[in-house]
Protein chains: 2
Amino acid sequence: MSDATTRPPEAAKRGRPRLDELTATDVEGIPALETIIGYRLRRAQLYVFQDFIESFTRMKLRPAEFSVLSVMARRPGLKQTEIAEELGIKRANFVALMDSLERRGLAERRKADTDKRSHSLHLTPEGVRFVRKMMAVWTAHEERLVEKLGGPKERDRLIELLDRVVARD
Amino acid sequence: MSDATTRPPEAAKRGRPRLDELTATDVEGIPALETIIGYRLRRAQLYVFQDFIESFTRMKLRPAEFSVLSVMARRPGLKQTEIAEELGIKRANFVALMDSLERRGLAERRKADTDKRSHSLHLTPEGVRFVRKMMAVWTAHEERLVEKLGGPKERDRLIELLDRVVARD
DNA sequence: ATTCGATTGTTATGATACAGAACAATTAAA
DNA sequence: TTTAATTGTTCTGTATCATAACAATCGAAT
């Protein structure tokens with residue numbers, strides 16, 4: 001299966017590449033992009049996000065906002081730096097994100113009594129209702145993915161492998 | 001393992017959230033981000049790209065450039081639109097990318113004899129040498145990942161699962 | 001109690017990635 | 001020969017992301 005010296009089917013159809021060009025660029029050890037972990041990860045992530053984004057265009061919700069609302073729902077009272085750091089968002093960029101959620105009446109910053117510098121973040125009652133709807137939409141999206149993967153078992157296998165990739169040891 | 005009603009360890013340490021807040025935002029059916037496919041995919045992809053980018057800072061090569069050079073090495077003679085489409089890059093954005101590679105003397109646009117509109121893309125001899133070094137660096141990067149995954153078998157399993165995600169059927 | 005360093009939220013700024021519209025040159029189709 | 005489609009290109013706008021700086025506040029060391 002040495003394909004570096006084989007004319008790819010598309011190019012063959014079009015009569016390209018010419019033989020002299022082929023030898024000039026016939027570099028050994030060039031793997032197909034399809035076998036490269038990072039490339040495949042990126043393409044898969046792009047695909048999933050595209051489906052996610054389309055699912056949430058009606059709710060006008062972006063992935064980052066989804067994750068922030070999700071964290072606030074499960075663990076209210078965290079401060080901005082904590083949520084930002086956990087989600088890998090620079091705290092500088094978190095400000096506008098939180099501003100937007102607050103302007104929409106979904107979340108609020110409360111003055112922390114113990115530390116006057118920090119804010120503790122919470123969903124508003126409207127935010128709680130919003131998150132409920134949000135999770136219904138998300139469930140459909142997620143089930144679509146699990147379906148494609150072949151079932152919950154495969155989903156777990158995938159997440160376990162992704163775990164290993166990102167594990168720091 | 002119902003953790004929606006359990007005080008997360010960090011917040012517990014800091015005495016937050018207070019109980020009344022907890023009940024106010026205790027929304028059922030809020031999955032932890034760690035179980036969400038898209039979220040995990042994004043984090044893993046970010047991690048891999050970070051390692052990739054660090055590996056290639058010395059060569060001043062970005063992921064997109066890597067992929068373009070890789071395609072040109074394996075399949076010389078393709079035209080811009082073909083490579084761009086295959087890699088999911090808008091042909092408008094491909095122009096600057098190719099300009100840069102050409103300015104660095106790594107690749108070139110040749111006037112296609114059959115179609116005066118299109119260019120056929122090729123590595124220069126210097127580009128061929130560059131790609132050789134590039135692949136050496138990439139191999140180290142990739143082996144690091146395979147190591148973390150637990151071996152080539154696991155790498156294959158991962159790619160097969162990513163395949164299913166992005167498969168259109 | 002005072003000084004000093006660290007933290008928190010914030011603003012401003014720049015770089016990069018990505019998408020869409022429009023256009024000239026060229027080709028293919030009617 | 002007119003018409004429609006393609007190719008490369010430029011321009012433009014919009015997210016995304018990182019970095020630096022700053023005031024307010026806190027914690028710790030003296």
Side-chain angles (χ1 to χ4, degrees), chain A residues 14 16 38-39 42-43 45-47 49-50 52-54 56-57 60-68 72 77-103 107-122, chain B residues 10 14-16 38-39 42-43 45-47 49-50 52-54 56-57 60-68 72 77-103 107-122:
Chain A
R14 309 174 132 273
R16 282 181 293 100
Y39 180 75
R42 172 170 169 270
R43 297 308 292 257
Q45 186 258 322
L46 250 48
Y47 175 90
F49 264 47
Q50 187 177 329
F52 184 98
I53 289 171
E54 286 169 8
F56 282 102
T57 38
K60 294 200 189 306
L61 197 69
R62 271 89 71 72
E65 297 170 327
F66 175 95
S67 63
V68 171
M72 283 193 297
L78 296 181
K79 49 186 175 181
Q80 296 191 186
T81 303
E82 291 172 327
I83 296 189
E85 189 187 11
E86 175 159 336
L87 298 179
I89 304 173
K90 300 283 162 183
R91 71 185 195 283
N93 298 328
F94 190 88
V95 176
L97 208 166
M98 189 62 198
D99 284 348
S100 170
L101 294 179
E102 211 167 17
R103 243 181 286 114
E108 60 178 356
R109 300 180 231 232
R110 296 185 196 164
K111 293 174 185 172
D113 25 35
T114 56
D115 189 337
K116 289 182 185 174
R117 293 170 300 177
S118 63
H119 300 150
S120 88
L121 304 186
H122 303 262
Chain B
E10 307 93 308
R14 311 173 132 274
R16 282 180 295 98
Y39 180 75
R42 173 171 168 269
R43 297 307 294 255
Q45 186 258 324
L46 250 48
Y47 175 91
F49 264 47
Q50 187 177 331
F52 184 96
I53 289 170
E54 286 169 9
F56 282 102
T57 39
K60 296 201 189 304
L61 197 69
R62 271 89 71 73
E65 297 170 328
F66 175 94
S67 62
V68 170
M72 282 192 298
L78 297 181
K79 49 186 174 181
Q80 297 191 184
T81 302
E82 291 173 326
I83 296 189
E85 189 187 11
E86 174 159 336
L87 298 179
I89 303 173
K90 300 283 161 182
R91 71 187 196 279
N93 299 326
F94 190 88
V95 176
L97 209 166
M98 189 62 198
D99 284 347
S100 170
L101 294 179
E102 210 167 18
R103 241 182 288 114
E108 60 177 358
R109 302 180 230 231
R110 295 186 196 163
K111 293 172 185 174
D113 26 32
T114 56
D115 189 338
K116 290 182 185 173
R117 294 171 299 178
S118 62
H119 301 150
S120 87
L121 305 187
H122 303 262

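Proteins get letters first, then strands, A, B, ... in listed order; numbering begins at 1 in each.
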Roughly how many Å is it from CD1 in A:Ile53 to C1' in C:dA17, rounded to a whole number?
13 Å
For atom CZ of B:Phe49 and atom C1' of C:dT16, their distance in whole Å
14 Å
Spacing between B:Phe94 atom CZ and D:dG8 atom P, to the nearest angstrom
9 Å
Base contacts versus sugar-phosphate-only contacts with protein, heavy atoms under 4.0 Å: please encode nucleotides 9-17 of chain D as B, S and - from 5' to 3'.
BB----SSB
NE2 of A:His122 to CG of A:Leu78, rounded to nearest 0.5 Å, is 9.0 Å
To the nearest angstrom, the CG-C1' distance between A:Leu78 and C:dG9 comes to 16 Å
What integer distance in Å separates B:Leu97:CG from C:dT16:C1'?
12 Å
Got a sec, which residues hit side chain to side chain contact (heavy atoms under 4.5 Å, CB included) with B:Thr81, two or more places apart in sequence or on another chain?
B:Arg91
For atom CD of B:Glu85 and atom C1' of C:dA19, their distance in whole Å:
16 Å
CG of B:Leu97 to CD1 of B:Ile89: how many Å apart, nearest 0.5 Å?
5.5 Å
Could you check if a side-chain atom of B:Ile83 sits within less than 4.5 angstrom of a side-chain atom of B:Met98, using non-hydrogen atoms only?
no
Look up atom CZ in A:Phe52 and atom CG in A:Leu61, then write down how far apart they are to the nearest 0.5 Å.
6.0 Å
Spacing of A:Ser67 atom OG and A:Arg62 atom CZ [to the nearest 0.5 Å]
11.5 Å
B:Thr81 side chain N/O closer than 4.0 Å to the phosphate oxygens (OP1, OP2) of D:dG8?
yes
Results of side chain to side chain contact (heavy atoms under 4.5 Å, CB included) for A:Ile53 - residues two or more places apart only:
A:Thr57, A:Pro63
Those residues at least two apart in sequence (or on a different chain) that pass salt bridge (charged side-chain N to carboxylate O under 4.0 Å, His left out) with B:Glu108 are B:Arg110
Find every protein N or O atom lying less than 3.5 Å from an N or O atom of nucleotides 25-30 of chain C, and list the pairs.
residue	atom	partner	partner atom	Å
C:dT26	O2	B:Arg117	NH1	3.4
C:dT27	OP1	B:Lys116	N	2.9

Interatomic distance, A:Gln45 CD vs C:dA17 P [rounded to whole Å]
15 Å
Does any donor atom in the side chain of B:Arg43 or B:Tyr39 lie under 3.5 Å from an acceptor atom in the other side chain?
yes
With axes from five pairs an end, tell me the bend angle of the helix from C:dA1-D:dT30 to C:dA30-D:dT1, nearest 10°.
20°
Indicate yes or no for a side-chain donor-acceptor contact from A:Glu82 to the backbone of A:Lys79 under 3.5 Å, with no hydrogens or angles considered.
yes
Atom of A:Gly77, atom of A:Ser120 and distance for their closest heavy-atom approach:
O-CB, 3.4 Å
